[in-house]
Amino acid sequence: MMKHLLGTLLLLSAGTPALAADSIVVNGGFEAPWLVPNWSVFSSIPGWTTTSGPGIEIQGWGALEGGQAVELDSYGPSTMVQHLPTQAGSTYKLSVGFSPRPGVGDNRIGVYWDGRLVSVLDGNGIGNGGSVWRRHSIRVTASKASTPLMFADLSQPDSVGGLIDDVRVVEEVPKVLVHGSTPAYYNASLGTALDGTQPQFPLANLAAGDPTLHPAPEPNLSKVGPVLGNWLSANPLPLNSYWSAPGVIPATWAVNTETAIVYAIDAGRSGMHDVVARFGVDNGVFVWLDGSYKFGALAPGAASAWEYTLPLGDLSPGMHYLQVLREDHGGGTGYLVQVTGVENEAASCESDSGQFTSSGGTAALHLQHSATALADGRVLVVGGFYPSAEVYNPATSAWSFTGPPRTTHRLHTSTLLNDGRVLVAGGDGASASDSAEVYDPATGTWASTGNLVTYRREHSAVRLADGRVLVMGGTDGGGTVLASAEVYNPASGTWTSTGGMVRARRAFTATALPDGRVLVAGGLIDNGDECLGFNCLDSAEVYNPATGTWTSTGGMATARGFHAASVLTDGKVLVTGGGLDGSTSVHAEVYNPASGTWTSTGDMNAPRRRHTLTPLSSGLVLAVGGYDASTGIHTSAELYDSSFRYVVRHRLHEPGPLRAHRHAAAGWPGAHHRGLQQRQPVHERGVRPGEQVVRAVTA
C-alpha cells in the first residue's frame with residue numbers, strides 16, 4: 001500500500017472579519033456635505049450620484065450615526081448609486097440602517113446590488129414620535145471589479161419617505177479556526193485496539209487497497225469504547241488515561257495506528273457562518289461535529305494536500321468540538337486539517353424592560369431539542385444533538401439527568417398529557433422516525449407507546465381538548481413534506497390516521513383554539529432553510545376533531561416559515577416573525593377564530609425566526625430568542641400587550657429647518673410653504689423642544 005509523508009502544512013494566514021472601518025462605501029454615513037441642522041437636496045454628494053428623480057436629500061436630524069441621514073423622496077422618488085471597488089468571487093456583507101419617516105405609512109426603499117433587487121426596506125412610521133432605526137444586512141457576492149450599489153425610493157410620490165443611514169459594505173474574511181498545529185486532545189493508542197479487528201472499522205484495508213468511497217458509513221467503535229472514553233460527546237472532558245491533555249499537534253507527525261483527535265472551536269459570542277473544514281489524508285478520515293457524524297471516506301493512498309472539503313454551515317455562539325478519526329496502517333504518514341469560518345456581526349444592544357439572569361447550565365449541549373413544562377413546575381428537556389433527557393428545577397436552579405429516552409430524538413415533538421406524563425414522538429439523529437415513547441416524571445422512566453403511522457420530523461403536535469394528541473405535517477424519511485395527520489390515544493397507546501391537511505407543510509405553527517379546534521398557519525413546502533416567497537405559505541387551515549377534517553380559513557397577510565404563535569386571553573391567536581422572502585420579519589398579525597380573518601398588529605422590536613412565544617398569566621405574551629442574520633442569535637426578549645393602544649404619539653418638532661408642507665402631509669404641526677427654510681419649533685406647555693408627547697390609553 002502506498003504511503004507517504006506530507007512534509008509541509010498549507011496554512012492560510014489567520015484573519016479576522018473586517019470591521020466597520022474597512023467598509024468600501026464612500027460617505028456611507030452621509031456626513032458630507034455637512035448641513036446640520038439644515039437640510040437640502042443634491043444631484044450628487046461625495047460617493048453618490050442621482051440616476052433618477054429630483055435628487056439626494058440630506059437631513060440634518062434624527063440620524064442613526066453621526067448627524068445626518070438621507071431621504072430619497074424629496075420632491076418625488078429618487079434613485080442614487082455608488083460604484084464600489086470589489087473583487088470578483090468575493091462575498092460581502094451589505095448593511096444599512098433604515099427608519100420609516102415619522103408619521104408616514106408608506107416608506108419603501110429598494111436595495112439593488114449589481115442591478116439586482118436584493119431587499120426592500122419597509123416600515124410604518126405612523127405613531128412614531130421620531131426616527132426608529134433598525135439595521136438590515138444582506139450577504140452579496142461580487143462578479144466583477146466594480147459593482148454598483150443602488151438605493152431607490154419605491155413609495156408613493158408624496159415627498160415624504162423613509163430614511164437610510166450608515167451604509168456599509170464589508171468583505172467577509174474567513175478566520176482560521178483549526179489548522180494542523182492547533183492545540184487539541186488526541187489519542188495515539190487507538191490503533192492498539194483496532195489493528196487486526198477490521199470488522200470494527202469496516203472500510204479499512206479492503207482487498208482492493210483503500211479505495212476512495214463517498215460517503216463512508218459511520219464506523220462501529222463500540223468495542224473500543226474504553227479507549228475512546230466519551231470522545232463522541234460534545235465535551236471531551238474529563239479525559240481518560242488514553243487521552244493527552246490539550247497540546248499542539250506538530251505540523252508533520254507520524255504514527256502507524258488509528259488516532260482520534262478533538263479540536264475545540266470557539267465560535268465566539270455571536271457565532272459563525274460559512275464554516276468549512278478541509279482535510280488532507282493518507283488513508284482515511286471520519287468526522288464528527290459536536291457528536292454528530294458528518295463525513296467519512298478513504299483515500300487511495302497517495303492523497304493530495306487537500307483532498308476533502310466539508311461545508312459545516314453555521315455554528316451557534318460558544319464552544320464546539322470537531323472530532324476526527326484518522327485511519328492509517330503502517331509506515332510514516334502526515335495529516336492535514338484546516339477549518340475556517342466567518343464571524344457573525346455582534347448582536348446589538350436592545351433596550352428591553354425585562355432582564356435575564358443565569359439559571360444553571362445543562363449537563364449536555366442541546367440543539368433541535370424539546371422543552372416541556374411538567375405539571376409540578378419542573379421542565380423536561382429531551383434530545384437534540386445530544387441523546388439524553390434532563391430536568392430543570394426552578395426552585396433550586398439546578399439541572400439533573402433523568403432516565404434516557406429509549407431512542408434518539410431530534411426535530412421531534414414533546415407534548416404534556418392530561419395525566420402529567422410527556423409524549424415524545426418522531427425525529428431521530430439523522431432522519432425521520434416513527435418511534436414514540438412516554439416519560440413518567442414520577443419515576444423518571446420511559447416506555448414505548450406504539451409507532452406513528454408515518455415517519456416524521458419537523459412536524460407539529462397539539463393536545464386536543466379530550467386529551468388525545470394531534471400530530472401533523474413535517475417531512476418523512478425520504479424528505480417529502482407531508483400533509484398527513486394522525487391522532488394518539490393515551491388510553492390505548494395507539495396511533496390512528498385522521499384527515500390530512502389541505503396543504504403539505506413543515507416549519508409551520510399549530511395552535512389549539514379555545515373551542516377545541518386547531519389552527520395551522522404558514523410553513524414551507526420544501527426542505528429549504530429560508531422562506532423565499534415561492535416556497536412558503538401564507539395560507540391557514542383549521543382542524544375539527546369532531547369530524548377529523550381540515551377546512552381552509554383566511555390567509556395571513558405575510559407568508560411565513562419558522563415563525564411562532566400563541567393564544568391570547570381573548571381567544572385570538574398572535575403570530576410573529578419568521579422568514580420572509582429570504583430575510584427575517586418583525587411583522588405580527590392576529591387571527592380571529594370567530595370571523596376566520598387576520599389583522600395586522602404592532603411589529604416586534606427585533607426581527608426573529610425560530611423563536612418562541614409564551615403566554616403569561618398577566619395576559620402578556622413573551623417573545624424569546626430566535627435568530628436574524630443582522631444580529632445572529634438573539635439574547636433579547638420582548639413583551640406583547642394586546643390591550644394597549646396608542647391614541648396619539650406626537651413629536652412637537654423636527655429639529656432644524658424643515659419642509660413645512662411635508663409636516664402637514666405627515667400629520668405634523670406647523671405646516672408652511674415648502675420654500676420656507678427656517679421655522680421655529682412648536683411647543684406645548686411643560687414640554688421642552690426636542691421632547692415628544694405620548695398620550696395612550698388601555699382598552
Side-chain angles (χ1 to χ4, degrees), residues 17-87 90 92-101 107-121 131 133-140 142 144-154 161-173 345 348 630 654-659:
L19 303 176
D22 297 319
S23 173
I24 59 176
V25 177
V26 175
N27 195 24
F30 310 113
E31 305 305 316
W34 184 253
L35 301 180
V36 173
N38 301 314
W39 65 271
S40 191
V41 180
F42 301 88
S43 60
S44 65
I45 60 176
W48 302 93
T49 302
T50 300
T51 59
S52 68
I56 304 165
E57 180 174 324
I58 292 182
Q59 293 276 17
W61 61 273
L64 172 62
E65 59 86 33
Q68 301 183 157
V70 153
E71 182 178 342
L72 290 174
D73 189 359
S74 52
Y75 297 93
S78 299
T79 301
M80 69 178 186
V81 68
Q82 180 171 152
H83 292 269
L84 304 177
T86 54
Q87 182 174 343
S90 293
Y92 297 83
K93 181 175 182 179
L94 190 171
S95 64
V96 55
F98 170 78
S99 171
R101 173 86 181 190
N107 294 277
R108 291 166 293 147
I109 295 178
V111 184
Y112 297 80
W113 176 263
D114 202 10
R116 181 174 62 92
L117 180 66
V118 294
S119 182
V120 175
L121 311 178
S131 53
W133 292 98
R134 290 194 179 97
R135 177 162 293 281
H136 299 256
S137 297
I138 310 110
R139 294 183 63 234
V140 291
K144 52 193 176 185
S146 178
T147 303
L149 170 62
M150 185 171 71
F151 293 91
D153 190 285
L154 306 178
L163 308 172
I164 60 174
D165 195 7
D166 197 18
V167 179
R168 310 178 195 173
V169 174
V170 177
E171 183 178 3
E172 293 193 329
V173 180
E345 183 180 14
S348 60
S630 64
E654 200 172 6
L658 302 162
R659 294 157 297 171

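For the numbers below, each heavy atom of this structure counts, side chains included, while hydrogens, waters and symmetry mates do not. Residue indices begin at 1 and follow the sequence shown.
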Chi angles and distances behind the side chain to side chain contact (heavy atoms under 4.5 Å, CB included) call for V111, F98:
CA-CA 11 Å; V111 184; F98 170 78; over 6 Å; no
Stepwise side chain to side chain contact (heavy atoms under 4.5 Å, CB included) check, I164 with M80
CA-CA 12 Å; I164 60 174; M80 69 178 186; 3.7 Å; yes
Between A69 and A63 the two heavy atoms that sit nearest each other are N-CB, 4.2 Å
Q68 side chain to I58 main-chain N or O, any donor-acceptor pair under 3.5 Å?
no
Pairing donors with acceptors under 3.5 angstrom, does anything connect the side chains of S99 and S131?
no
Answer whether the closest heavy-atom distance between the side chains of E171 and D22 falls below 4.5 Å.
no
May I ask you to test the E65-E31 pair for a side-chain heavy-atom distance under 4.5 Å?
yes
Between Y92 and W113, how do the two ring planes meet: parallel, tilted or perpendicular, split at 30° and 60°?
tilted
One should read off an interatomic distance between Q87 CD and K144 NZ, to the nearest 0.5 angstrom, of 15.5 Å
Calculate, to the nearest 0.5 Å, the distance between atoms CZ and CZ belonging to R135 and R168 respectively.
4.5 Å
Euclidean distance, D73 CG relative to I109 CD1, rounded to 0.5 Å
9.0 Å
Which heavy atom of I45 sits nearest to which heavy atom of P33, and what is that distance?
CG2-CD, 3.9 Å
Closest non-hydrogen atom pair, L72 against A152
CD1-N, 4.3 Å
Do S23 and V170 touch side chain to side chain, with heavy atoms closer than 4.5 Å?
yes
For a side chain to side chain contact (heavy atoms under 4.5 Å, CB included) check, start with the C-alpha distance between T79 and V81, then their side-chain angles and the critical distance, and finish with the verdict.
CA-CA 7 Å; T79 301; V81 68; 5.8 Å; no
Beyond-backbone contact of N27 with Q82, side-chain heavy atoms, under 4.5 angstrom:
no
Shortest non-hydrogen contact from T147 toward A142:
OG1-CB, 4.0 Å
Could you walk me through whether V167 and L149 satisfy the side chain to side chain contact (heavy atoms under 4.5 Å, CB included) test, starting with their C-alpha distance in whole Å, then the side-chain angles of each, then the deciding distance to 0.1 Å, before giving a yes or no?
CA-CA 10 Å; V167 179; L149 170 62; 3.9 Å; yes
Nearest heavy atoms of P77 and D153, plus distance in Å:
CB-O, 3.7 Å
Would you say the side-chain atoms of S95 pair up with the backbone N or O of S137, donor to acceptor, closer than 3.5 Å?
no
With side chains defined as the heavy atoms from C-beta onward, is the minimum distance between D166 and W133 less than 4.5 Å?
no
Quick check: do F151 and I56 have side-chain heavy atoms less than 4.5 Å from each other?
no
Would you check if the distance from the ring center of W48 to the ring center of F30 is below 6.0 Å?
yes
Check whether any side-chain heavy atom of T86 sits under 4.5 Å from a side-chain heavy atom of D114, and report yes or no.
no
